[in-house]
2 protein chains.
Amino acid sequence: MHDSQPPDLMTAQPALKAIDIPQLKTVCSSCSLRELCLPIGLSQSEIEQLDQLVYTRRRIKRGENLYRAGDEFASLYAIRSGFFKSNVLLADGRDQVTGFHMPGEIMGLDGISIDRHACNATALEDSEVCVIPFARLEEASHQVRSLQHHFHKVMSREIVRDQGVMMLLGSMHAEERLAAFLLNLSQRFVSRGYSPAEFHLRMTREEIGSFLGLKLETVSRIFSKFQHEGLIGVQQKHIRIRRVDGLRALLDRGD
Amino acid sequence: MHDSQPPDLMTAQPALKAIDIPQLKTVCSSCSLRELCLPIGLSQSEIEQLDQLVYTRRRIKRGENLYRAGDEFASLYAIRSGFFKSNVLLADGRDQVTGFHMPGEIMGLDGISIDRHACNATALEDSEVCVIPFARLEEASHQVRSLQHHFHKVMSREIVRDQGVMMLLGSMHAEERLAAFLLNLSQRFVSRGYSPAEFHLRMTREEIGSFLGLKLETVSRIFSKFQHEGLIGVQQKHIRIRRVDGLRALLDRGD
DNA sequence: ACATGGGGTTGATCTGCGTCAATGCGGAAA
DNA sequence: TTTCCGCATTGACGCAGATCAACCCCATGT
């Protein structure tokens, strides 16, 4: 009915707490995502400072919300596994998707502004996040200059990313938007060690459309068109990119 | 005729430079914009810390760039007077406007990400900015916790603002976009002490259109339509909002 | 195996906005 | 003042993408 908090693994099982094997702890220093996530660019000892503050994880089931618009803001979240969308409920009841997020990415930055989240974060598949209490992060970045600097970069990167989406929505045609979307996904999968050419979409056509400012029928039609042209292979949510250059060519020739 | 900036008392008169009366220096603590700008929410003594680092101003003539995409990033800029647009040059030569900026707002946050600016900042009228060397800002916010926290809020606010634009571009029709645009401008003018109902647009129809993902003819037509409906008065760049509620009503009823 | 339902595809038609083109206006310079 | 030029307005027409509608596919539960 409501999104009940799954019991926290670290703190809910006192039986485990004596064992404390390093690899099993939620620590950044041993996390395979450390090159993508908050720790990027930090030294080993600095990452160990992060370990101090990222002490909780949270599991979110597919369809449930990590947070909702209006919720009090207390923490940032680093995605450890799974897939999320950011979305807001519009006046007319539709929900507008404002972003998709994958492992290693930080969610919740919008909440800092007024201490309340500005959008929902909904899991598109069963997911797990690292909870980063924001007050502690500020404390830590007060101690560690490079962490402060890096955190600024993370926020700035988010601003640049959003401006990229604004450009996409403001100046591109449907086909270009979808090409840009696929290339962007591909690139993000690559830097996570997955295939650049083959992946599963975690979101529906409607969610893609909402994000790109298109209707689901248009998204579907363009997928089919790309397929006929040999640019991609589509089978439901499974995508195979056949000609990256073909997709990129769509972007270069303005309109 | 046009909104001429009152000549700046502080820096324009070299005869004064030896005197160095505190009130005449470029200091945040005596700046009329301090309630809108970086100093917001800081105590008097904390603001005085800011005075240390904001020691330069820069004048930008109408049409000139404060910075360009690709320029090395070194400083943030607080607008002291004037009006700017952010814009990027697209592959096809058009330039896409990604934002408009007025006094008290901070520009350049996009540059932190990769130490280069991601867009141009072009003055739409003769303008003046306070230069905030970023390294010094980080240094200062390392010292002053509340400054650090506030700076995070400034960045987060920018993220929220961008997401608002994404929603506008992703889900609104032309009339709704323009209504939202006018209401947004009006609100920002109000908080700067100007009339909410009457203002001069500093940008052309084409720039508005670029920002809103519309063509200039569409912008023009909708201005005319709004005028016929009695919602606003338009005379070239002069706008008078006659029925705020009428404009707001356009937004509430989804589509 | 079968039924069910949510997502996806595809076609026909409609329309909001883009495009192209002509005209008007007002501020800057001579 | 007159000329000029960039910007704005307005109209006629076309098209990309929305809308409406039918059908299909596949995953899920019984």
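Not measured: the values here are computed from a predicted model. These values consider heavy atoms only, across backbone and side chains, with no hydrogens, waters or symmetry-generated copies. So you know, we letter chains A, B, ... as the sequences are listed, proteins then strands, and number each from 1.
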For this session: Check every strand shown and say whether B:Gly209 touches a base, only sugar-phosphate, or nothing at a heavy-atom separation below 4.0 Å.
Result: nothing

Quick one: do [X] and [Y] make a salt bridge, cutoff under 4.0 Å?
X: A:Arg221; Y: A:Glu217; result: no
X: A:Lys215; Y: A:Glu206; result: no
X: A:Glu128; Y: A:Arg57; result: yes
X: A:Arg242; Y: A:Glu198; result: no
X: B:Glu105; Y: B:Arg188; result: yes
X: A:Arg157; Y: A:Asp162; result: no

Exercise. Can you list every pair that meets side chain to side chain donor-acceptor pair (under 3.5 Å) and has a residue in residues 63-72 of chain B, with sequence neighbours left out?
Worked result: B:Asn65-B:Thr122

Would you kindly give the [atom1]-to-[atom2] distance between [X] and [N], to the nearest whole Å?
X: A:Ile239; N: C:dT9; atom1: CD1; atom2: C1'; result: 14 Å
X: A:Met172; N: D:dA16; atom1: CE; atom2: P; result: 18 Å
X: A:His238; N: D:dA27; atom1: NE2; atom2: P; result: 13 Å

For this session: Report, as a single string ordered 5' to 3', how protein heavy atoms within less than 4.0 Å touch nucleotides 6-11 of chain D: B base, S sugar-phosphate only, - not at all.
Result: -SSBBB

Exercise. So which nucleotide from C:dT19, C:dC17, D:dG17 ends up closest to the side chain of B:Leu214?
Worked result: C:dC17

Exercise. Among A:Lys85, A:Lys237, A:Arg202, A:Arg62, which one satisfies salt bridge (charged side-chain N to carboxylate O under 4.0 Å, His left out) with A:Glu125?
Worked result: A:Arg202

Exercise. Could you give the angle between the helix axes at the two ends of the helix from C:dA1-D:dT30 to C:dA30-D:dT1, with five pairs per end, rounded to 10 degrees?
Worked result: 50°

